[in-house]
Amino acid sequence: MSYDNTCKYLAEHYPADFARWLLASDTSDIQVLKTELNLEPIRADSVTFLQISNQILHLEFQTSPASTPPLDFRMLDYYTRLKRQYWCDIQQVLIFLQATSSEIVFQNQYIDTNTTHRYRIIRLWEEDPTPLLANPALLPLATLAQTNSPQALLEQVAAAVDMIEETDERQNISACVQVLAGLRFEKNLIKQLFREEIMQESVIYQDILQKGEERGKKQEALALILRQLTRRFGVIEPEIEQQIRTFSITQLEELAEALLDFNSQSDLINYLTNISPPQTS
């Protein structure tokens, strides 16, 4: 189950709540931007872009500091792409979910020979849970906040979830709480405080399951096609492999059928040349 996807769901369904928390902005005029940027397609499930007036809030959620390319460079990369496309003020917040002593979670800038780029870091385990407990949309994050009594904090979150009046919202927030709480608490304790059937009925739970299944199918199809191409034509150029990796499941299936008629790598190149660029979503 994806912790990052859960945070992305929360940020995209409750953007005003995240803007109030991170920017002290009280506007409801917020647009969720697509998470794929032009030039070379880059996409990450943990990334959310919120456009607020003439400003963009870029949120990146991470369970692990390990990343390829490194997180500091990724933040610079996103910044330059966003700046090129929207040319407005950009606020970047990198939110670490799980406690770690890694030096990376204390690093808030990218430094190169002629470049320094800064961004904001939040380590949830150091955050005061009070403002998170006061907002239903942020209750899942509250489970990971600073506390001397983790179980008491989880009980507070459970009580706050029970007070959400609208049924669908209560189910979805409860599901998100249970997913993120899994980073800190034993499964049995979570089951004691939250009804499992509520989680299974929620939209976010079903969405996470569906995305996981789709991602698994795509990875299987991609691995099979790359093996077939390597066996038939030898080493595939990195640019060609990168283009294939951006394909949807449907495009991969079409390529798998088409490659049966390829006689050389030139046929593959010609086929890819006629493929439309990946659609943003």
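One is the number of the first residue; the rest follow in order along the sequence.
- At a threshold of 4.5 Å between non-hydrogen side-chain atoms, the residues Gln31 and Leu50 do not count as touching.
- The two residues Tyr119 and Met75 make their nearest non-hydrogen contact at CD2-CB, 3.7 Å.
- Side-chain contact between Asp168 and Glu166 is present, with at least one heavy-atom pair separated by less than 4.5 Å.
- Judged as a salt bridge (charged side-chain N to carboxylate O under 4.0 Å, His left out), and not counting sequence neighbours, Glu239 has no contacts.
- Of all heavy-atom pairs between Phe185 and Gln151, the closest is CE2-N, 4.0 Å.
- A 4.5 Å side-chain heavy-atom check between Glu253 and Glu257 finds every atom pair outside the cut-off.
- The local environment of CG in Asp29 is sparse, with at most 12 non-hydrogen atoms from other residues, nucleotides or ligands closer than 6.0 Å.
- To the nearest 0.5 angstrom, Cys7 atom SG is 7.5 Å from Ile95 atom CD1.
- Atom CD1 in Ile30 sits 6.0 Å away from atom OG in Ser25 (nearest 0.5 Å).
- The OG1 atom of Thr6 sits 9.0 Å away from atom CG of Leu183, with the distance rounded to the nearest 0.5 Å.
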Side chains of residues 128-143: which donor-acceptor partners sit under 3.5 Å, not counting sequence neighbours?
| residue | atom | partner | partner atom | Å |
| --- | --- | --- | --- | --- |
| Asp128 | OD1 | Thr130 | N | 3.0 |
| Asp128 | OD1 | Thr130 | OG1 | 3.0 |
| Asn135 | OD1 | Ala137 | N | 3.0 |
| Asn135 | ND2 | Asp17 | OD1 | 3.0 |
| Thr143 | OG1 | Pro140 | O | 2.7 |

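- For the pair Leu268 and Leu259, the minimum side-chain heavy-atom distance is 4.5 Å or more.
- When all heavy atoms are compared, the tightest approach of Tyr3 to Thr63 is CB-CG2, 3.6 Å.
- Considering only heavy atoms from C-beta on, Val93 stays 4.5 Å or farther from Glu60 through its side chain.
- Taken together through direct or relayed side-chain contacts under 4.5 Å among Ile, Leu, Val, Met, Phe, Trp and Tyr, Trp21 and Tyr9 form part of one hydrophobic cluster.
- If you check the side chains of Asp77 and Tyr79, you find no donor sitting under 3.5 Å from an acceptor.
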- request: Evaluate the side chain to side chain contact (heavy atoms under 4.5 Å, CB included) criterion for residues Phe233 and Gln228: first the C-alpha distance (whole Å), next the side-chain angles of each, then the deciding distance (0.1 Å), finally the verdict.
  value: CA-CA 9 Å; Phe233 307 131; Gln228 290 175 333; over 6 Å; no

- request: Given side chain to side chain contact (heavy atoms under 4.5 Å, CB included), test Asp89 with Asn54 step by step and report yes or no.
  value: CA-CA 7 Å; Asp89 178 51; Asn54 193 36; over 6 Å; no

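- For an aromatic pair to be called close, the ring centres must be under 6.0 Å apart, and Tyr78 with His58 satisfies this.
- Nearest heavy-atom pair across Val161 and Ser174 is CG1-CB, 3.8 Å.
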message: Checking Phe18 against Leu10 for the side chain to side chain contact (heavy atoms under 4.5 Å, CB included) test, could you report, in this order, the C-alpha distance in whole Å, the side-chain angles of both residues, the deciding distance, and whether it holds?
response: CA-CA 9 Å; Phe18 277 79; Leu10 290 168; 4.0 Å; yes

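- To the nearest 0.5 angstrom, Gln243 atom CD is 4.5 Å from Leu272 atom CG.
- Pairing each heavy atom of Arg74 with each of Gln62, the nearest pair is NH2-OE1, 3.7 Å.
- Annotation: Arg118, atom CZ; neighbour count of heavy atoms from other residues, nucleotides and ligands within 6.0 Å does not exceed 12.
- Linking ILVMFWY side-chain heavy atoms closer than 4.5 Å, directly or via other members, places Leu22 and Leu71 in two distinct hydrophobic clusters.
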Expected list for residues 99-107: side-chain donor-acceptor pairs under 3.5 angstrom, two or more places apart:
| residue | atom | partner | partner atom | Å |
| --- | --- | --- | --- | --- |
| Thr100 | OG1 | Ser102 | N | 3.1 |
| Ser102 | OG | Ile104 | N | 3.2 |
| Gln107 | NE2 | Asp72 | OD2 | 2.8 |
| Gln107 | NE2 | Gln109 | O | 3.4 |

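- With a 4.5 Å cut-off on side-chain heavy atoms, Leu57 and Leu59 count as touching.
- Hydrophobic cluster membership is shared by Ile269 and Leu226, with clusters built from Ile, Leu, Val, Met, Phe, Trp and Tyr side chains linked at under 4.5 angstrom.
- In the hydrophobic clustering of ILVMFWY residues, with side-chain heavy atoms under 4.5 Å counting as a link, Val177 and Val179 come out together.
- How far SG of Cys88 is from CD1 of Ile56: 4.0 Å, rounded to the nearest 0.5 Å.
- Judged by distance alone, with hydrogens and angles left aside, the side-chain atoms of Ser64 form a donor-acceptor pair with the main-chain N or O of Ala66 at under 3.5 Å.
- Ile122 and Trp125 fall into different hydrophobic clusters, defined by Ile, Leu, Val, Met, Phe, Trp and Tyr side-chain heavy atoms under 4.5 Å apart, directly or through other members.
- Using a 4.5 Å heavy-atom threshold, the side chains of Leu153 and Arg184 count as touching.
- Smallest separation of non-hydrogen atoms from Gln265 and Glu237: OE1-N, 3.8 Å.
- Atoms CD1 and CD, from Ile121 and Glu126 in turn, are 11.0 Å apart once rounded to the nearest 0.5 Å.
- Between the side chain of Asn172 and the backbone N or O of Glu169 there is no donor-acceptor pair closer than 3.5 Å.
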- request: Check the pair Val32, Phe49 against side chain to side chain contact (heavy atoms under 4.5 Å, CB included), reporting the backbone distance first and the verdict last.
  value: CA-CA 6 Å; Val32 178; Phe49 304 128; over 6 Å; no

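- A salt bridge does not link Glu127 with Arg123: every distance from a Lys NZ or Arg NE/NH1/NH2 to an Asp or Glu carboxylate oxygen is 4.0 Å or more.
- Taking the side chain as every heavy atom from C-beta outward, Tyr271 and Glu254 approach each other to under 4.5 Å.
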